[in-house]
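Fair warning: this is a prediction, and the values are worked out from it, not measured in the lab. A, B, ... follow the sequence lines: proteins, then strands. Residue 1 opens every chain. As a basis for the values below, the full set of heavy atoms in this structure was taken, side chains included, without hydrogen atoms, waters or symmetry mates.
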Amino acid sequence: MQFETLLLILVAMTVASFVLGRQRAVAVAGRCGGIRALHSLPKYYGYYAAICCALPGLALLLLWLGLADRVVVERVVDSLPAELRELPEAQRSLLVNDIKNIAAGQFVDPGKREELAVAAELYLSLKDSSRRILSGLIVLLGFVGFGWSWLRLRPELRARNRVESVARIGLALASTLAIFTTIGIVASVLFEALRFFDRIPVSEFLFGLTWSPQTALRADQVGSSGAFGAVPLFAGTALISLIAMTVALPIGLMTAIYLSEYASRRVRAWVKPALEVLAGVPTVVYGYFAALTVAPLLRGFGQSLGLDVASESALGAGLVMGIMIIPFVSSLSDDVINAVPQAMRDGSLGLGATHSETIKRVVIPAALPGIVGGALLAVSRAIGETMIVVMAAGLAANLTVNPLEAVTTVTVQIVTLLVGDQEFDSAKTLAAFALGLVLFVVTLLLNIIALQVVRRYREQYE
Amino acid sequence: MNGAASQEQVLERVRASLGRRYRQERRFRLYGLASALLGLMFVGLIFGTIISNGYTAFWQTQVLIDVYFDPAVIDPGGGRDPLELARADYNRLARAALTELFPDVRARRDRRSLNRLLSSGAAYQLRDMVLAEPELIGKHRAVWVPADDEVDMVVKGYIDRSLPEKSRRVKDRQLAWIDRLADAGRLERHFNAAFFESGDSREPELAGIGGAALGSFYMLLVTLVLSFPLGVAAAVYLEEFAPRNRWVDLIEVNINNLAAVPSIVFGLLGLAVFINFLGMPRSAPVVGGLVLTLMTLPTIIIASRAALKSVPPSVREAALGVGASQMQMVLHHVVPLALPGMLTGTIIGMARALGESAPLLMIGMVAFIVELPGSPFEPATALPVQIYLWADSPERAFVERTSAAIIVLLAFLLLMNGAAIWLRKRFERRW
Amino acid sequence: MAKAAIMARSATAGDGALADAGGPALRDDKDNSSNMNRREARQPRIAIADLAREAEAAQTVGDFTATDPVITVRGCNVWYGETHALRDINLDIGRNEVIALIGPSGCGKSTFIRCLNRMNDTIETARVSGEFRMHGEDIYDRKTDVVLLRARVGMVFQKPNPFPKSIYENVAYGPRLHGLAANRAELDEIVHSSLRRAGLWDEVKDRLEEPGTGLSGGQQQRLCIARTIAVSPEVILMDEPCSALDPIATARIEDLIDELSQNYAIAIVTHSMQQAARVSRRTAYFHLGRLVEVDATDKVFTNPGHKLTEDYVTGRFG
């Protein structure tokens with residue numbers, strides 16, 4: 001049975017349950033003194049019946065979606081001849097991929113072994129029967145659920161309360177999704193990163209000075225272990241983020257000050273949205289801009305000064321990333337500057353301070369915690385930014401502080417290691433997850449600190 | 001002492017400091033103005049670069065050739081069998097038509113470089129014409145076919161003719177032919193519909209954003225269908241029903257932090273959980289949609305909660321006062337009032353999802369895909385990823401296409417943000 | 001620097017600027033009366049019968065001049081956008097005198113003192129016209145320097161607003177800005193003596209480096225006064241300085257005002273008639289943007305010359 005048909009049947013059964021449940025409620029009520037005798041409105045009895053009918057089936061369906069494929073694959077692998085079954089995990093997963101491809105009718109490589117075709121056959125039949133069992137179970141559960149609600153339906157049944165508590169549970173589940181997402185992130189990066197650290201010691205990863213994962217491409221090569229010292233990546237990330245912040249912080253802050261303290265209302269009404277456009281531009285566009293315009297510009301400029309600027313210099317990527325962060329810094333600073341009470345400014349102006357003296361000596365010191373919090377958030381964004389550096393920063397892991405040279409970053413390496421042909425379980429792929437773990441932990445810490453600082457600051461003036 | 005006696009002295013000192021202080025004031029103000037102008041300049045620079053590089057891609061140079069649909073080439077058997085027709089060598093028809101235009105070009109090498117003026121898409125176009133209208137066979141017909149991307153670049157003036165021939169990809173001889181075609185009125189710029197309709201291609205003149213846009217569309221569809229109800233449900237629960245306890249605090253902390261987690265980390269999650277663990281297909285928009293759902297949910301939840309918060313308690317009290325249950329109060333009164341705000345947040349979240357590319361690289365939506373995806377389960381790429389892919393291509397014509405794709409992407413984003421602003425203005429309510 | 005458009009109307013000096021004098025003033029008056037009718041229709045806080053008295057109030061009862069004036073104001077008008085906040089005010093502030101400005105909420109008394117050191121410049125919609133002179137110099141003249149003016153005319157605000165800095169830095173702020181101290185010792189001297197004069201020294205001398213925001217409300221307000229007198233102004237404007245304070249702190253501030261009046265001219269806006277009676281030598285009564293009566297404090301409270309003043313001081317409204 002097709003998946004869509006199954007869903008359609010389930011929906012039809014649910015609707016039927018609703019109508020029947022409702023009718024039965026009215027009928028039952030008619031016998032004992034009209035609708036007023038019911039605890040809830042008739043439609044709630046309908047909802048109740050519908051929920052009883054659909055919910056168990058839906059739960060089963062979700063379970064099946066999550067597990068069926070794994071169970072089937074396991075059975076298929078079990079059926080394989082022993083020498084294939086005993087292959088290392090990495091190759092076995094490739095094998096499973098082949099079987100699935102054959103089953104899906106895609107490129108049937110004639111060189112493939114006969115066993116695989118048999119396995120694919122088995123895979124298809126297992127899938128088919130599992131789907132059939134599922135359909136039967138769902139329909140059965142629907143009837144049982146509906147029957148249960150039919151029998152329980154009495155005027156005293158508090159249908160509304162029951163329906164509402166189910167809805168409430170549904171809402172609560174939706175809100176826990178955030179927690180599951182976090183758990184998912186932590187689990188996925190942590191799990192793979194731990195496997196990486198089984199091969200490469202943590203200390204080597206965190207303190208090693210050489211990064212050349214490419215040598216690990218083929219297991220039979222000499223020096224296949226590669227070098228996984230991530231310090232050059234951390235340094236590169238720090239360098240580019242530093243350049244970005246040197247661009248974004250002063251410009252963003254001064255823009256916010258100018259717009260909130262000096263500019264007239266009309267200027268503000270036009271300039272602010274225009275700058276916010278920068279915040280809406282996708283990062284891939286910044287990356288393109290960096291590679292197409294900024295990098296050649298810097299190179300040409302460097303040449304005219306007799307400097308050798310790499311075409312993928314840290315400076316170019318950092319500059320453009322800074323431009324990207326300007327609106328972020330300026331809107332956060334704008335918020336905190338406006339939160340400084342007018343009384344504070346009046347006090348300073350009333351003593352004869354000029355406008356800029358008031359801003360420099362009273363407003364900014366008062367807003368400093370908020371500005372620092374905003375800057376931390378901006379740093380966390382710079383560190384996690386991917387597309388700009390992928391397109392405009394280099395791949396070579398140079399350990400340098402010279403902004404004119406090419407450096408690479410954590411995010412660039414994650415992308416390079418995971419895009420393209422990958423071999424599951426190689427140290428190279430796993431390294432990406434280790435880098436992801438570092439990235440997640442660092443940005444998480446920055447965010448927590450920044451949100452805390454900003455919140456304290458807000459409370460101070462509320 | 002600073003008593004009444006020193007007031008004169010104070011005045012004097014203040015006066016003495018004034019010049020310096022006003023200079024500082026002016027300088028400070030100038031810094032502010034310069035920063036704001038610099039910001040605006042960046043906006044102008046980015047948009048200026050993209051638009052000036054990209055607007056020409058909406059037109060494509062086409063060549064008018066007189067094609068003789070030679071039955072001997074297309075349908076030697078004469079059976080009009082569609083399979084037979086589809087397999088025929090239409091390049092020969094195009095080449096023959098070109099030879100007719102330039103009878104003086106004889107040498108094989110010259111012929112070959114002459115043929116290079118036409119796009120390989122010309123053959124596909126002729127084939128499609130014949131398949132749609134088999135009566136054409138045996139007839140002459142003047143047809144506009146796409147020119148090669150190098151010709152396109154010459155016509156659009158991107159190639160500097162004064163360069164020495166060796167450092168040009170278009171040679172002098174070809175330039176002369178192009179000029180002859182142009183003089184004969186056989187070279188025109190037409191609206192580039194293929195750019196919007198077709199999928200990716202190695203040939204710039206055939207490459208389009210159709211496939212990528214469709215991929216983005218499927219992805220956003222999945223994201224919208226999942227994230228709007230889930231986000232609203234979560235926001236309603238947290239704002240209206242949730243007890244104040246540690247668990248709910250934990251949820252809130254989680255939501256706030258997820259909103260600031262780098263997008264590439266969501267990509268890692270998608271790769272590890274959806275693809276490796278749950279065995280979902282690589283490169284499929286549905287997986288992209290799932291990842292983007294997780295990414296946009298925090299945004300939508302935060303915006304929806306703000307919208308719910310802005311509904312005054314008096315509305316809630318009034319509903320409860322006439323005997324509505326809490327669920328009825330929320331569904332009948334609070335949520336409808338907060339809906340515009342929630343929609344605004346959702347649109348902004350969708351706009352962000354549309355521009356996102358890093359997590360999609362992780363889940364394999366970065367392949368070279370020519371076919372248009374027919375469903376969310378088929379391999380596809382997305383608009384920003386297409387931009388990323390094209391940005392790597394060396395041909396000059398791809399620079400133009402990349403910029404044009406960016407223009408389209410930005411237009412969509414502006415449209416969505418504009419809709420959000422309109423919605424906010426239209427339904428803004430002050431209590 | 002000034003955001004507000006300042007209309008410096010050059011009215012003829014002296015009594016000529018009174019409402020019944022020059023042409024422009026007359027035209028103003030007509031506008032005003034029609035304005036006023038509309039306002040009455042909108043907010044009938046005062047009965048129709050009061051209209052007559054309203055018109056009467058156009059002329060200030062009592063003597064608005066001072067014998068040795070530091071600041072003289074003639075024909076002061078202030079608009080906030082479309083709202084006409086002050087109408088034709090004439091008032092002098094004399095050397096070393098305390099003048100109290102009283103009146104119901106929204107009558108314009110705070111607006112008036114904010115005109116005197118041009119704090120209204122910071123409000124975008126405010127427009128000020130009329131003649132303001134300090135020792136004969138026009139306060140609103142283009143050549144007049146706001147910084148200098150505010151150094152001479154200090155201000156204490158309604159809510160204590162110490163800067164988020166240490167107590168020492170709060171007081172040292174003004175002298176540092178204006179370069180009043182040549183070295184650290186001089187600055188110390190200024191800070192210490194200002195704190196002493198503000199009566200705060202004994203309470204804070206051991207914790208000068210602690211943040212000023214950590215003090216109690218009354219202490220904060222005295223810190224703000226110390227901050228103001230650290231730049232040795234001639235005039236101190238106080239905008240309801242005690243409204244956020246408890247009675248004991250209020251009493252301390254009132255004592256302080258009394259002491260300060262030996263060296264400074266003080267204009268104090270207050271809601272409390274008792275406070276006005278206790279601290280001031282002269283009292284000015286404002287009503288709906290007009291200066292109704294100004295006279296010696298005893299006279300205003302015991303024998304007011306205007307019905308509105310009498311109603312207010314006897315507590316019939318306000």
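B/F47 CZ: more than 12 foreign heavy atoms inside a 6.0 Å radius. Open room surrounds CZ on B/F277; 12 or fewer heavy atoms of other groups in view lie less than 6.0 Å from it.
The residue among B/V236, B/I363, B/L45 with the most heavy atom pairs within less than 4.5 Å of chain A is B/L45. Of all the listed residues (B/A259, B/A233, B/A235), the one sharing the greatest number of non-hydrogen pairs under 4.5 Å with chain A is B/A233. Among B/V14, B/L38, B/L238, B/I46, the residue with the largest count of heavy-atom pairs under 4.5 Å with chain A is B/I46. With chain B as partner, the option from A/V189, A/I448, A/L259 having the largest number of non-hydrogen pairs under 4.5 angstrom is A/I448. Looking only at heavy-atom pairs under 4.5 Å with chain A, the residue among B/S357, B/P229, B/A391 that has the most is B/S357. Interface remark: of the candidates B/A242, B/P298, B/A234, B/G44, B/A234 forms the most heavy-atom pairs closer than 4.5 Å to chain A. Residue with the most contacts toward chain A among B/G231, B/A405, B/G364, B/S403: B/S403 (heavy-atom pairs, distance under 4.5 Å).
Side chains of A/E164 and B/S325: a donor on one and an acceptor on the other come within 3.5 Å.
Considering only residues two or more places apart in sequence or on other chains, B/R246 meets the side chain to side chain contact (heavy atoms under 4.5 Å, CB included) condition with none of them.
Between B/V273 and A/G184, the shortest heavy-atom contact is CG2-O, 4.5 Å. Across all non-hydrogen atoms, the minimal contact from A/A353 to B/R21 is CA-NH2, 4.0 Å. B/M362 approaches A/I414 most closely through the heavy-atom pair SD-CG2, 3.9 Å. In terms of heavy-atom proximity, A/L275 sits nearest to B/G39 at CD2-C, 3.4 Å. Taking each heavy atom of B/T49 and A/F289 in turn, the nearest pair found is OG1-CE1, 3.6 Å. In terms of heavy atoms, B/L268 sits closest to A/A432 at CD1-O, 4.4 Å.
In this structure, CG on A/L418 lies 10.0 Å from CG on B/L361, to the nearest 0.5 angstrom. With rounding to the nearest 0.5 angstrom, the CG atom of B/L250 is 8.0 Å from the OG1 atom of A/T182. Between the OH atom of B/Y388 and the OG1 atom of A/T283 there is a distance of 11.5 Å, given to the nearest 0.5 Å. Rounding to the nearest 0.5 angstrom, the gap separating the OG1 atom in A/T354 from the CZ atom in B/R29 is 12.0 Å. Going from atom OG of B/S35 over to atom CD1 of A/I257 covers 8.5 Å, rounded to the nearest 0.5 Å. Between A/S356 atom OG and B/L30 atom CG the span is 12.0 Å, to the nearest 0.5 Å.
With B/E25 contributing its side chain and A/H355 its backbone, the two residues share a donor-acceptor pair below 3.5 Å. At least one donor-acceptor pair under 3.5 Å links the side chain of A/Y288 to the backbone N or O of B/V399. B/N254 places no side-chain N or O within 3.5 Å of a backbone atom of A/I179 that could act as its donor or acceptor partner.
Here the side chains of B/Q326 and A/R168 are in contact, with some heavy-atom distance below 4.5 Å. Within the 4.5 Å cutoff, the side chain of A/I383 has no heavy atoms near those of the B/P262 side chain. Counting only heavy atoms from C-beta outward, the side chains of B/F28 and A/Y258 never approach each other to under 4.5 Å. Counting heavy atoms from C-beta on, the side chains of A/S175 and B/I255 never come closer than 4.5 Å. Between A/L292 and B/I50, the closest side-chain pair of non-hydrogen atoms is not below 4.5 Å.
In this structure, the portions of B/I251 lying under 4.5 Å from any heavy atom of chain A include both its backbone and its side chain. When heavy atoms are compared at a cutoff of 4.5 Å, B/N257 approaches chain A by way of both its backbone and its side chain. The contact between B/N53 and chain A is made entirely by side chain atoms (from C-beta outward), counting heavy-atom distances below 4.5 Å. For A/V390, the part lying near chain B is the side chain, with the backbone staying farther off; criterion is any non-hydrogen pair under 4.5 Å. Within the 4.5 angstrom heavy-atom criterion, no atom of A/A291 approaches chain B. With a 4.5 angstrom heavy-atom cutoff, B/A358 touches chain A via backbone and side-chain atoms both. Only the side chain of B/L258 comes within less than 4.5 Å of a heavy atom of chain A; its backbone N, CA, C and O stay farther away. When heavy atoms are compared at a cutoff of 4.5 Å, A/T411 approaches chain B by way of both its backbone and its side chain. Neither the backbone nor the side chain of A/F180 comes within contact range of chain B; no heavy atom of the residue lies under 4.5 Å from a heavy atom of that chain. When heavy atoms are compared at a cutoff of 4.5 Å, A/I251 approaches chain B by way of both its backbone and its side chain. If you measure heavy-atom distances from B/E252 to chain A, you find no contacts under 4.5 Å at all. Residue A/R381: no heavy atom, backbone or side chain, is found under 4.5 Å from chain B.
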- Test side chain to side chain contact (heavy atoms under 4.5 Å, CB included) on B/L33 and A/Y262 and set out the steps. CA-CA 9 Å; B/L33 184 64; A/Y262 285 108; over 6 Å; no

- Task: Mind running side chain to side chain contact (heavy atoms under 4.5 Å, CB included) on A/T181 and B/L297 for me, showing each step along the way?
- Result: CA-CA 10 Å; A/T181 310; B/L297 258 182; 5.7 Å; no

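Just one residue in the list A/I326, A/L278, A/V281 forms a side-chain contact (heavy atoms from CB on, under 4.5 Å) with B/V43, and that residue is A/L278.
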